[in-house]
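Structure first, then comments.
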Number of protein chains: 4
Amino acid sequence: MRRDGAENRERILLAAEHVFGTGGAAASTEEIARQAKVGVATVFRHFPTKQDLIEATAVRYLQKLEEQLRLLIDEADPGRAFVSLVQTLVSTGATKMTLLNLLHTDGQGLSEPVTAAVHTFYDAIQQVLERAQAAGAARPDATVQDVSVLVRALAHVVPLVADAAVDRAVKIVLDGLGATG
Amino acid sequence: MRRDGAENRERILLAAEHVFGTGGAAASTEEIARQAKVGVATVFRHFPTKQDLIEATAVRYLQKLEEQLRLLIDEADPGRAFVSLVQTLVSTGATKMTLLNLLHTDGQGLSEPVTAAVHTFYDAIQQVLERAQAAGAARPDATVQDVSVLVRALAHVVPLVADAAVDRAVKIVLDGLGATG
Amino acid sequence: MRRDGAENRERILLAAEHVFGTGGAAASTEEIARQAKVGVATVFRHFPTKQDLIEATAVRYLQKLEEQLRLLIDEADPGRAFVSLVQTLVSTGATKMTLLNLLHTDGQGLSEPVTAAVHTFYDAIQQVLERAQAAGAARPDATVQDVSVLVRALAHVVPLVADAAVDRAVKIVLDGLGATG
Amino acid sequence: MRRDGAENRERILLAAEHVFGTGGAAASTEEIARQAKVGVATVFRHFPTKQDLIEATAVRYLQKLEEQLRLLIDEADPGRAFVSLVQTLVSTGATKMTLLNLLHTDGQGLSEPVTAAVHTFYDAIQQVLERAQAAGAARPDATVQDVSVLVRALAHVVPLVADAAVDRAVKIVLDGLGATG
DNA sequence: GATGAATGAGGCTTCATTCAT
DNA sequence: AATGAATGAAGCCTCATTCAT
């Protein structure tokens, strides 16, 4: 009956990603445990604090995202890759923004693993961006931070407005970024 | 020791604007009461429901914002006015956007006063935008909704990143909007 | 605009009787004030405590009831009068039982005015009962207390069951009391 | 220091039976928790809603009562059994009737378990009654409902008046029911 | 190591009662 | 004397977290 510790950890993170994405901050640990088919105490054994669980979920999410970005680095058309990157981040990030916001719960600094994940993530963005710039398919003075900020901004707004409206906004931002793809 | 009712209402709304802006939905009515130097029950006398308080705070905020926009309508340079509008909304809206999101708490329709305030607000944006478009100082196919979505998106991000980074993002968006000013 | 003190007192008692009858213990002083078209503070000026208001309302109710009973004393048929008394008390008492129960709020003894009203009330019952007994229209060993207890019991049950069921129960009790009328 | 779940559930129901019986609807969940030597949250874990707690307490009470009635069905003298039934219900039901009333709190239909318990309970009454009627020891036209209504009425009054007075009232009602025993 | 039960703190809301006008 | 506003205490309920099994 007992499941392996590592497997449980994975189940919990999966459930957490889903629940946080759906219910936002309102999500209770109990609900996460239920979806993970695990007792509450087990969640707390793996993640002593709710904040810990949030951070771990966010890190895991960033890592999965980064993997996807790595694929874009190898795409033939650099401009197309850049556009894809922005679109992917906005749409994927959508529900997960809640997660990223929860990280700032009380203005405390984030834990080291989180910052590390963020840096790695930024690094992936940078590579796609630089390739696009080299190909003349992105505004030369755009920085990773610019892209990051704009993407986060757009992602925040996804759950609040109609899809079509988001698409229009994304297009305008891409124009502003000089993206051709 | 006894304050006037109207004054208290104002104090409460002020405190609410601050607290909701800072703590988001997590903000407790008790905290607002504390900051307004008022008993909890007093808050509930003025705003029977937490949702009522949220809506009232949002309306008040939208109205103050709209007043500022009206000034821009009369500015000489339409392009300059449009740029100012976006900048104002983003920086002023900053922390207060959280507030607007709280309105969507449960996907239910907003109360009439709120929709009214939103419409009036949009109307002010529209006038500035159209003047700019007529003067060739804004992308002709841009809509009020586009502006609104982009501004909300940027505003969300203000409390999370450095001011300079926001300025850069705003500039890129303005480029995307074809704004010259 | 100002109303006379005595008139207000009357309005309040009227409202209280209605509200307590309708909402039971849930009735709030504010609601009573509203129905009496009076400020809450006015209610408290007349009746310093909610308990005071309850007692005053109960006394008033008992007095009105007693007046009705006095009429029965003069009725031609003593047996008929006795039956009427029981029926009246049960049906009238119905909604007012809540009121009488509130009197026992915390097991404290009732105030003097209340006990006085109760005694006067019992006295009226006694006269009707004795006349019926003298006419052979009521069980000779029945006491005022018996009647009072039975009536209170039945009244309690009125709001909980169908009218027809109450009528049957009343009839059975009247049989037990040897009432012919 | 940690008690078993089932034991706690029992303690809570016991406390609830006592507290609801004494204080009526006014009884607070906190008070029940205190008497059960349990945290409030524990009460809510076992009974998610106050209404749930009320219903569970009532069901438990009805079941205990029904068990007692079953014993009467086997008694030799049918008339004696019927008299015992009424006496038992009135005295045992005493303070607990408040409980049953709480069920009607908002006029909403009761939950299935409660209605089931009520039916079983009525069924037990019916058997005793019919046996008595067959033996000529109870008024032939009396129905279960009549008995139920009368018993509930009398039970309501038990905590309010002296025992002797209740006994007299019960005797009168039994006479009305044509009970000989 | 995993689990379900327990818990105190805290959130929203209502109410009897008091106070300044 | 009358009023509306203010208030703290208390009620119901939820949640992150801890404990005994």
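What's counted below: heavy atoms across the whole structure, side chains too, no hydrogens, waters or symmetry copies. Note that the structure is a prediction, hence the values are computed from the model and not measured. Here is the naming used below: chain letters follow the sequence lines, and residue numbers restart at 1 for every chain.
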- Query: How close or far is atom C1' of E/dG11 from atom CG of B/L53, stated in whole angstroms?
  - Reply: 14 Å
- Item | Most 5' of B/R34 and A/G39 on DNA chain E, judged by nearest nucleotide | A/G39
- Message: Expressed as a whole number of angstroms, how long is the span from B/R9:CZ to F/dA6:P?
- Response: 12 Å
- Under the side-chain contact (heavy atoms from CB on, under 4.5 Å) rule, collect the residues that match up with B/A33, sequence neighbours excluded. B/V43
- Just jot down the side-chain hydrogen bond (donor to acceptor under 3.5 Å, both in side chains) partners of C/R45, sequence neighbours excluded, or say none. none
- Query: Can a side chain N or O of D/T42 be found less than 4.0 Å away from OP1 or OP2 on E/dA5?
  - Reply: no
- If only side-chain N and O atoms of D/N8 are considered, is one of them under 4.0 Å from the OP1 or OP2 phosphate oxygen of E/dA5? no
- Can you sort out the partners of B/A16 under side-chain contact (heavy atoms from CB on, under 4.5 Å), two or more places apart, ordered by chain and number? B/F20, B/I32, B/L53, B/T57
- Distance, rounded to the nearest Å, where A/E7 contributes CD and E/dG1 contributes C1': 14 Å
- Just how far, in rounded Å, is C1' of F/dA2 from CD1 of C/I12? 10 Å
- Find the distance B/R11:CZ to F/dA5:P and express it as a whole number of Å. 17 Å
- Task: Could you tell me whether A/R34 and A/E31 make a salt bridge, using a distance below 4.0 angstrom between a side-chain N and a carboxylate O?
- Result: yes
- Rounded to 10°, the helix from E/dA2-F/dT21 to E/dT21-F/dA2 deviates from straight, judged by its five-pair end axes, by 20°
- Item | Distance, rounded to the nearest Å, where B/R45 contributes CZ and F/dA5 contributes C1' | 5 Å
- At what distance, to the nearest 0.5 angstrom, does NE2 of B/H156 lie from CG of A/L160? 5.5 Å
- Task: Please state how far atom CD1 in A/I32 lies from atom C1' in F/dC15, giving the value in whole angstrom units.
- Result: 12 Å
- Query: D/H46 has a side chain; which of E/dA6, F/dT7, F/dA2 sits nearest to it?
  - Reply: E/dA6
- Item | Residues that C/E10 engages under side-chain hydrogen bond (donor to acceptor under 3.5 Å, both in side chains), provided they are two or more places apart | C/R60
What does the list of N/O pairs under 3.5 Å between the protein and nucleotides 14-18 of chain E look like, with a distance for each?
unit_1	atom_1	unit_2	atom_2	d
E/dA16	OP1	C/K50	NZ	2.3
E/dA16	OP2	C/T29	N	2.8
E/dA16	OP2	C/T29	OG1	3.3
E/dT17	OP2	C/K50	N	2.7

- Can you list the residues that meet the side-chain contact (heavy atoms from CB on, under 4.5 Å) rule with D/V40, with sequence neighbours excluded? D/T29, D/E30, D/F44
- Message: For D/H18, give me all partners under side-chain hydrogen bond (donor to acceptor under 3.5 Å, both in side chains), at least two apart in sequence or on another chain.
- Response: D/Q35
- Check side-chain contact (heavy atoms from CB on, under 4.5 Å) between C/V114 and all other residues, then give those that pass, not counting sequence neighbours. C/E55, C/V59, C/L103, C/L110, C/S111, C/V118
